[in-house]
Amino acid sequence: MDYNTFKEAVIAAAKAAGLAEYELYYEGSEDTSVGVFQHEINQFSSSVSGGVCFRCVVNGKMGYASTEDMDPAKAAALVERAMNNAAVLEAEEAVFLCAGGKTYEKLDITPYALPTTEEMISTALSAQEKLYAADPKVVDGCESEVLRQTFRVAICNSKGLDLNYENALSGLVSAAVVSDGKEMTNDYQIELGKLDTIDVDAVVKKAAEKAVGKLGGDVAPTAVCPVVFAPEAMKSLLAAFSSVFSSEAAQKGLSRLGDKEGQVIASPAVTLVDDPFHPQSPVPINFDGEGCPTHTKKVIENGKLNTLLYNLKTAAVAGKETTGNGSKSGYASAVGIRPFTFYLAPGSLTEEELLKKAGKGVYINSLGGLHAGANAVSGDFSLQSAGFLIEGGKKTIPVKSFTVAGNFYDLLKKITDVASELEVKATGMTAFASPAVLVSELSIAGK
Amino acid sequence: MIQSFQNFKAKEVYAMISKAVCERVLAKAVSTGADYAELFAENTLNHTINMISDKVDTIGDTVVAGAAVRVYKGLRSVMASTVDTSEAGLLRCAQQAAEALGQGTAGIDIVLKDSKFEDIHPIRIVPANVKNKDKIAILKDAYFAAKGYSDAIVQVEGTFLDVDHNILIASTDGVYAQDRQIRTRLSVSAVAEVNGETQTGGCRPGRRMGMEMFEFIDPKATGLKAAKQAVTMAGAGYCPAGVMPVAIDNGFGGVIFHEACGHSLEASSVAYGQSQFCGKLGEKIANEKVTAIDDGTIPGAWGSINIDDEGTPSQKRILIEKGVLKTYMIDKFNGRRMGMASTASSRRQSYAYTPTSRMTNTYIAAGTDKNEDIIASIEYGLYAADMGGGSVNPVTGEFNFAVNEGYIIRKGKICEPVRGASLVGKGSQIIQDIDMVGTDMDMGQCMCGSSSGSIPTNVGQPLIRVSSITVGGR
């Protein structure tokens, strides 16, 4: 049950099967979490998980097989499964493994001692008491959770690649439930990084504030009007539509940006950056899911689409170099494409100035149902929203239970301004971020 | 080859952990004073074949194997999981759970008995024993039926999925149970382009069955349905926004009850005061036309189980009867906080997730209204022929879902198709507003995501009318 022993067994089995090109990818983590309900620890969980993916090239096709059962006696079976799977594939694109010997950016990861279980328990309990104290409207139902994770990735292949990555992080989740006697609602705040440097008071206060802000409020009136998306809302919209920047989606006709590289696709206010080393990301990484070096790039620069995101396979189809965006969404997945820290670059206006410029419209700070109400192929979205009315250039009454509808491709052109404040919060390898943005016109459906 | 479930249960299922080992692991788990301990072990084969651009593109083939030990003491729970299922690995995992619980001494005896439950979902053709090429033939039938439907179809994605999920549960209340949960699914998603506008359509039938599912699911019909929806929607204008009556058709339309109400009836929300329906047992919470059921015992249905993930034999529960709330969906642990027994609702995606109460096959039961009367009753509104996914906040009951295929109803007649619609509202209000319920109940398949992971569930209903709901469009 040890990765290194299993790795040797798999390599021996691959050689014995006569394979010339193969790769073994490992991803695993150790996770611990402590949860508080009312005034007591009610949940504790700890898991050791991990699995490997073996892939190999047979007659020009890439076969995959994965397992969590790292019994060396089963290594040969894993290799055989991948070969069998390769045998029935038909895709004609050339497949590649990353060659070893490439130069990788040096990562600045300071060794970090994770909090002990006792420290986690004490922080969780005190966060919960602070949450109750944050606002008189906070009621039972609220929860505090502290977590820690050690995350490991390793890739080795027949072309001399042998990479390892390890990172550790800890964090706090504060989930507030509030009631004004008539109505109950909730919201939460997550902060990841290093538990001992997290400002617990600020996290808890933010969670309570967000929840209290949702109490009361009316259904927004149906209108076509300017919309200001708060950072959290714009971030989730960007996440829902990030696949439109994937060259794989473009090559398969699942994005409308396939023939748009070098062209203006957004307003001059829009610059979209992908940064694997963002200083606020707790998980910077210098190689992608195929083992290729990662680097920072402007995907959109002042409205112009500089590049889509590529991996080895899609880059070869397009006659380009990979952008180091090959990715796996878990050890078992096929190599796809994803950004790292993907954010809209800040502009010059403050959020107040943005609201003033909007004049009359809707400020949206929460979007729901993005997995269903946002269609990345067509770009259409129609999403449950909450926020505030904007009247006289200021946020006024809270509104909810309405939808905002539009098309993402059009929206990129209708962003007139991006605010100046950017905060990056990663909850995994991929993080999305945005300052507040002003969109000149979208459809609001309410009463 | 046709095999009975019992035969391969004994021979082919991986060597599960013996009763004696389970007893030693549970003894270790309760060594610091837990009043309940449970071992859950799993060996699952997930197999997927994907087609895109007319070619078999990727095959996913994954063994998920591991175990988790859970202990309770009063209202506290601890879970530890591991990929090491050797006896030493399981004992380490149990030790870790016991230590996390705190200081104390063992207070319970452990005697495991073979759990007796009926196999209500016998499998005839185990997908894991079927060759890739035979599955690909089925996938291609569906794929090319969609591709060939119209010149407007510019791309198709197809997936053949089968899962062979073997579980073992042993717990200090004497449970020693094993189950093999096999499911099969065919999924087609089509993209149509009409006058430069692209839209998608999908069809994704699945069953808790093996390959015998295709004796009554026609792959070609699956592909055609996806393609037809994409072409219809690509030619459609945008749905107008506003508040209006909506008729939602059967099958996947049942997602409205799943989101608007179902999640709020799960003990994982109710036990913590995080549900719009807390404290409402015996009260009228829905329109008297609404009777809603969660039934894990329907033979071969996508969301069915023989036992839940705490080893409790599957049940059929009436959640709401003629508008009155009858029961919640409860697992053993949350049942403690509520002072109520399990309703066999404990589910988890895998050993790595802490289980909690979840839905199985959840539907609004057939009523007495005729379909034509429901449509005829609407002067101006929306007919939602097919729904997409949705989500809900169980605390507030605020939900949303997408309409994949919608049509405007004018003067009691279904008229032109409209795209890009979504429905939003508040669960406690919407179930009061379901004021007509048709006679033809049908179910649709989905993967439901929540704290214990992604699990297969069915949603269902007959054609219903919601008297008034906010339709998001433009």
Side-chain angles (χ1 to χ4, degrees), chain A residues 1 37 40-51 63-70 81 84-85 88-92 117 139-141 177 184-186 219 222 224 252-254 256 332-334 368-369 371-373 375 377-378 380 382-384 400-403 405-406 443 445-447, chain B residues 52-53 55-66 68 75-84 86 89 96 100 132-133 136 154-155 191 197-200 241-243 272-274 352 354 388-391 393 395-396 398 400-402 419-422 424-426 470-474:
Chain A
M1 289 296 181
F37 179 71
E40 285 178 358
I41 300 286
N42 76 318
Q43 271 206 354
F44 178 92
S45 74
S46 90
S47 69
V48 180
S49 58
Y64 285 73
S66 308
T67 188
E68 293 181 358
D69 184 356
M70 285 183 251
R81 277 164 50 210
N84 284 342
N85 290 332
V88 294
L89 296 179
E90 300 169 342
E92 282 159 2
T117 303
V139 294
D140 280 352
V177 178
M184 191 165 75
T185 188
N186 63 330
V219 177
T222 299
V224 175
K252 301 253 158 88
L254 303 176
R256 287 209 223 158
S333 90
H371 66 293
N375 185 327
V377 176
S378 64
D380 287 342
S382 177
L383 299 164
Q384 181 187 24
K400 61 187 168 194
S401 292
F402 65 95
T403 64
S443 297
K447 63 180 177 189
Chain B
I52 190 164
S53 302
K55 307 281 184 193
V56 177
D57 189 66
T58 47
I59 293 185
D61 179 348
T62 307
V63 174
V64 173
L75 299 179
R76 277 191 297 154
S77 92
V78 170
M79 187 187 94
S81 71
T82 179
V83 283
D84 184 354
S86 66
Q96 208 182 0
N132 276 330
K133 69 174 177 53
I136 289 170
V154 293
Q155 183 59 288
V191 182
E197 298 279 356
T198 40
Q199 285 288 300
T200 55
V243 177
Y272 300 91
Q274 295 169 345
T354 302
S391 64
N393 177 345
V395 174
T396 60
E398 286 163 2
N400 65 83
F401 28 71
R419 64 162 151 146
S422 62
V424 301
K426 205 164 172 169
T470 301
V471 176
R474 49 174 144 154

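The structure displayed is predicted, hence computed values, not measured ones. Below, chain A is the first sequence line, B the second, and so on; all start at residue 1.
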Chain A contact via [X] - which portion, at a heavy-atom distance below 4.5 Å:
| X | result |
| --- | --- |
| B:Phe401 | neither |
| B:Ala68 | neither |
| B:Val191 | side chain |

Query - From CA spacing to verdict: side chain to side chain contact (heavy atoms under 4.5 Å, CB included), A:Arg256, A:Val377 - result: CA-CA 7 Å; A:Arg256 287 209 223 158; A:Val377 176; over 6 Å; no
Query raised in the report: Can you list the residues that meet the side-chain contact (heavy atoms from CB on, under 4.5 Å) rule with A:Leu89, with sequence neighbours excluded?
Result: A:Lys61, B:Val56, B:Ile59
Any heavy-atom pair between the side chains of [Y] and [X] that's under 4.5 Å?
| X | Y | result |
| --- | --- | --- |
| B:Val63 | A:Glu68 | no |
| A:Thr185 | B:Glu398 | no |
| B:Ser422 | A:Gln384 | no |
| A:Asn42 | B:Ser77 | no |

For chain A, find which of [options] contributes the most heavy-atom pairs closer than 4.5 angstrom.
| options | value |
| --- | --- |
| B:Ala241, B:Ala65, B:Ser53 | B:Ala65 |
| B:Gly420, B:Gly273, B:Ser81 | B:Ser81 |
| B:Val154, B:Ile52, B:Thr354, B:Val471 | B:Ile52 |
| B:Val424, B:Val395, B:Thr396, B:Ile136 | B:Val395 |
| B:Leu75, B:Thr470, B:Val64 | B:Val64 |

Would you mind telling me which of [options] has the largest number of heavy-atom pairs within less than 4.5 Å of chain B?
| options | result |
| --- | --- |
| A:Lys447, A:His371, A:Lys400 | A:His371 |
| A:Asn85, A:Leu254, A:Val48 | A:Asn85 |
| A:Ser382, A:Gly368, A:Ser45 | A:Ser382 |
| A:Gly50, A:Ser49, A:Ser378, A:Ser333 | A:Ser378 |
| A:Val177, A:Val88, A:Val219 | A:Val88 |
| A:Asn186, A:Thr403, A:Ile41 | A:Asn186 |

Can you tell me which portion of [X] sits under 4.5 Å from chain B's heavy atoms? Options are side chain, backbone, both or neither.
| X | result |
| --- | --- |
| A:Tyr64 | both |
| A:Ala334 | side chain |
| A:Thr117 | neither |

Using a distance-only test with no angle check, is there a side-chain donor-acceptor pair under 3.5 angstrom linking [X] and [Y]?
| X | Y | value |
| --- | --- | --- |
| B:Thr82 | B:Asp84 | no |
| A:Ser66 | B:Asp61 | no |
| A:Asn375 | B:Thr200 | yes |

**Report entry** Verdict with supporting geometry, B:Asp57 and A:Lys252, side chain to side chain contact (heavy atoms under 4.5 Å, CB included)
**Finding:** CA-CA 12 Å; B:Asp57 189 66; A:Lys252 301 253 158 88; 3.8 Å; yes
Query raised in the report: What pairs with A:Glu40 under salt bridge (charged side-chain N to carboxylate O under 4.0 Å, His left out), at least two apart in sequence or on another chain?
Result: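 Partners of A:Glu40 under the salt bridge (charged side-chain N to carboxylate O under 4.0 Å, His left out) test: none.
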